[in-house]
K.L.:
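Sharing a structure below in structure tokens format, with a few things to ask.
These values consider heavy atoms only, across backbone and side chains, with no hydrogens, waters or symmetry-generated copies.
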Amino acid sequence: MEEQSNVSERKFGWVDKWAKMTGERAMIDAKANNTYIVYEKNGKLVKEFPNGDVVPLYKDGES
């Protein structure tokens with residue numbers, strides 16, 4: 001039996017789409033409330049502001 005080409009490799013492929021939509025919604029809310037979102041990038045937590053600035057959540061040496 002041949003595998004369908006549109007089937008996701010994950011068991012629950014909808015999770016990828018849901019996670020992306022959740023992140024987009026968080027950025028919309030942050031912009032509306034003039035605040036930032038926090039997420040992990042390259043193994044470190046960062047803050048992203050509505051204007052596109054991305055800064056580390058913690059300075060070196062802080063935890």
K.L.:
Indicate the atoms forming the closest heavy-atom contact of K41 with V46, along with that distance.
P.N.:
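Smallest interatomic distance, heavy atoms only, reads CB-CG2, 4.0 Å.
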K.L.:
Which distance, rounded to the nearest 0.5 Å, do you find between the CE of M27 and the OH of Y36?
P.N.:
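Between atom CE of M27 and atom OH of Y36 there are 12.5 Å.
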K.L.:
Could you check whether D29 pairs with R25 (Lys NZ or Arg NE/NH1/NH2 to Asp/Glu carboxylate O, under 4.0 Å)?
P.N.:
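Looking at D29 and R25, the cut-off is met.
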K.L.:
Examine M21 and V15 and state if one hydrophobic cluster contains both, with Ile, Leu, Val, Met, Phe, Trp and Tyr joined whenever side-chain heavy atoms are less than 4.5 Å apart.
P.N.:
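No, because M21 and V15 fall into different hydrophobic clusters, even though each may have its own neighbours under 4.5 Å.
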K.L.:
Could you please spell out the steps behind the side chain to side chain contact (heavy atoms under 4.5 Å, CB included) verdict for V54 and F49?
P.N.:
CA-CA 6 Å; V54 178; F49 293 88; over 6 Å; no
K.L.:
Hydrophobic clustering (ILVMFWY, side-chain heavy atoms < 4.5 Å, transitive) - are I28 and I37 grouped together?
P.N.:
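No; tracing contacts between hydrophobic side chains, which count when under 4.5 Å, never links both residues.
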K.L.:
Can you see which heavy atom on P50 is nearest to which on K31, and at what distance?
P.N.:
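P50 and K31 have their closest heavy atoms at CG-CA, 3.7 Å.
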K.L.:
Run the side chain to side chain donor-acceptor pair (under 3.5 Å) test against N51 and tell me which residues pass, sequence neighbours left out.
P.N.:
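N51 satisfies side chain to side chain donor-acceptor pair (under 3.5 Å) with D53 once adjacent residues are dropped.
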